[in-house]
Structure formats: C-alpha cells, structure tokens
Amino acid sequence: MKICDFYRNSKPIVSLEFFLPKTAETRANFFRTLNEVKALQPDYVTLTYGAGGSAREQTVEMAGVLKNTFGFPTAMHLTAVAHTTSEIDAIVTEVRRLGIDSIMALRGDLPKDAEVRPLEQRDFKYAVDLVRHLREHGEWSLGVAGYPEGHPECPSKEEDLRHLKEKVDAGADYVVTQLYFDNRLYFDFVQRARAMGVLVPIVPGVMPISSFSQIQKFASMCGASIPQSLKNQLAPLSHQPEQ
C-alpha cells in the first residue's frame, strides 16, 4: 500500500517523522528508538533528507532500513535544490530498488557543507519542479509541504497558497503541514487551501516539544509562531527537560 492510499480510508492515520542520524552514537540511539516505536504500530514513517556529502547515501540507506529491516511503510524526504536531474534519477532508482514508492518532494534548504549553483542554473529551482519530474518518471506516492503561516521566503500567504496549488496540480497526492502551535492556524489554512482548489488530504504536522530552546530555534527557522501563553508555560521548565 502506498502512503497516499492510507488517506483514502476514513480511520485516523498516525505517522512519525524521524531525523536522519548522522553519527555512530545517534545511529545506535536511533535503532533503540525504532525498536520501541515498532510496538506503537504507526501507519507509516518518514525520514528527513541529508542533502550534503555522504548524508545523501546515508538517507537512502536508512530509508531502506526503516522499510526492510523494521518493516515500516516508509516515505523518504527528497530535497532537490542541490541536485542535478541525473543525481535525482540515480537516487530514486536506488529508492525504488529498496521497495520504497513514497516520497516527500521538497525544495529543501541550501546545504551548509556543499556548493549550490545559482538559482537560474539549477535543474530544480522549486519543489514543484521535483514533483513534476517524479510524476513524469514513475508511479510514486508524492507528498509535499504546506505552510499554515506561509513559507518564510514567500511575500504573502496568498502567493504561498498559489505555489501549493501548483505542486498539487503537478501531481502531489497529499500535503503535510509545517509545525504549528495554534489549531486555528491549521483550520484556517485548510479552509483557504480548499477555496484555492487544493482538494487533496492536508495532514497536520505536529512536533513534540522536548526542549524549549530547541523548539524556539526551530520555529524561528521555519516561520512558525509560538503563542505567548505556551511560552509562559514552557519557560519555567526550560532547565527541567524531564518535565
């Protein structure tokens, strides 16, 4: 079953997103976590993408581990901003060989440890370019990102929604939102997206808070806001991670 098929059912779907482990220590911890998570029986899991250096190969390898060693239905993130068309084709060929047929198609952030060609020279300038390419070259289940508060690089929420509509029109099967901390942001986003003609499933993205400083940094990077009431609750616990 492809990831997009889960959303054709009426029952609630729960997925878990994992960050790519990049060191031997985090890799060992990651495997321990996966053994614990397996008992929770998530409907599917996703793995973030390492765009620079050897992280590219590690991402594909680890996605294969999730799929074939632990048995999770798996969607791998794929960011295209630093890749050529031939590199993307080589990656998806290997992903397909591992039995993975679901991809979260993203533009991605510029990698800090690799040079990236100027915008006008890139094969994939935006996420829609990757969606279109993947849709033209295989039967993939394709997810894309949505931004309830607007993409931080986009001048307006309306323009950001138009870009989302372009990704769906290019072949995206479902949308997963960026994190948010006010449910009204999600419901407003869905309403505006529907009015724009985005009719595919829009999945809410939820990020557990394990560190107040970390979530503040992450929210600022992706353009998400943290309500003052939540900050007031978290601040006194900032030095008590067990809480």
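Every value quoted in this text rests on a predicted model; they were computed, and no experiment measured them.
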Participant: Which heavy atom in A224 sits nearest to a heavy atom in L179, and how many Å separate them?
Facilitator: CB-CD1, 3.5 Å
Participant: Is the Y147 ring parallel, tilted or perpendicular to the H151 ring (thresholds 30°, 60°)?
Facilitator: perpendicular
Participant: What is the minimum heavy-atom distance between L47 and T59, and which atoms define it?
Facilitator: CD2-O, 3.4 Å
Participant: Can you label the angle between the Y180 ring and the Y186 ring as parallel, tilted or perpendicular, going by 30° and 60°?
Facilitator: parallel
Participant: So, the side chain of Q214 versus the backbone of S211: is there a donor-acceptor pair under 3.5 Å, distance only?
Facilitator: no
Participant: Would you call Y126 and V81 a side-chain contact if the rule is heavy atoms closer than 4.5 Å?
Facilitator: no
Participant: Exactly one of V92, V60, L106 should register a side-chain contact (heavy atoms from CB on, under 4.5 Å) with L78. Which one does?
Facilitator: V92
Participant: Can you check whether F31's main-chain N or O pairs, donor with acceptor, with R27's side chain at less than 3.5 Å?
Facilitator: no
Participant: Is a side-chain donor or acceptor of T177 paired with a backbone partner of P148 at a separation under 3.5 angstrom?
Facilitator: no
Participant: Give a yes or no answer on whether the side chain of S15 reaches the backbone of Y44 with a donor-acceptor pair at less than 3.5 Å.
Facilitator: no
Participant: I'd like to know whether N68 forms a side chain to side chain contact (heavy atoms under 4.5 Å, CB included) with L98, so could you lay out the CA-CA distance, the side-chain angles of the two residues, the decisive distance to 0.1 Å, and finally the verdict.
Facilitator: CA-CA 8 Å; N68 300 309; L98 291 170; 4.1 Å; yes
Participant: Can you list the steps and then say if K38 with T33 is a side chain to side chain contact (heavy atoms under 4.5 Å, CB included)?
Facilitator: CA-CA 9 Å; K38 192 170 183 179; T33 299; over 6 Å; no
Participant: Of all the heavy-atom pairs spanning K165 and G197, show the shortest one and how long it is.
Facilitator: CE-O, 3.5 Å
Participant: Determine whether M196 and L164 satisfy the following criterion, side chain to side chain contact (heavy atoms under 4.5 Å, CB included), listing intermediate values before the conclusion.
Facilitator: CA-CA 9 Å; M196 180 73 71; L164 178 62; over 6 Å; no
Participant: Is a donor from one side chain sitting under 3.5 angstrom from an acceptor on the other, for E149 and S225?
Facilitator: yes
Participant: For the backbone of A145 and the side chain of K167, can you confirm whether one donor and one acceptor N or O come within less than 3.5 Å of each other?
Facilitator: yes
Participant: Indicate the atoms forming the closest heavy-atom contact of F189 with I202, along with that distance.
Facilitator: CE2-CG2, 3.9 Å
Participant: F30 vs F18, test: ring pair (Phe, Tyr, Trp, His ring centres under 6.0 Å). Steps then yes/no.
Facilitator: CA-CA 9 Å; F30 184 59; F18 297 112; 5.4 Å; yes
Participant: Side chains of H133 and D123: do they bring a donor and an acceptor to under 3.5 Å?
Facilitator: no
Participant: If you take all heavy atoms of A105 and V144, which pair is closest and at what distance?
Facilitator: O-CG1, 3.9 Å
Participant: Sub-3.5 Å donor-acceptor pair from the side chain of D43 to the main-chain atoms of V14, do we have one?
Facilitator: yes
Participant: Please check if the side chain of D173 supplies one atom and the backbone of L142 the other of a donor-acceptor pair under 3.5 Å.
Facilitator: yes
Participant: Is there a side-chain contact between V95 and K67 in this structure, where contact means two heavy atoms from C-beta onward sitting under 4.5 Å apart?
Facilitator: no
Participant: For the pair R107 and T79, evaluate side chain to side chain contact (heavy atoms under 4.5 Å, CB included) and give the outcome as yes or no after the intermediate values.
Facilitator: CA-CA 5 Å; R107 184 204 70 174; T79 63; over 6 Å; no
Participant: Using modelled atom types and a 3.5 Å cut-off, is there a donor and acceptor pairing between side-chain atoms of D182 and backbone atoms of R184?
Facilitator: yes
Participant: Shortest non-hydrogen contact from T48 to F19?
Facilitator: OG1-CA, 3.2 Å
Participant: If we ignore hydrogens and angles and just use 3.5 Å, is the side chain of D160 paired with the main-chain N or O of S156 as donor and acceptor?
Facilitator: no
Participant: Output yes when a side-chain donor or acceptor of T74 lies under 3.5 Å from a complementary backbone atom of F72, and no otherwise.
Facilitator: yes
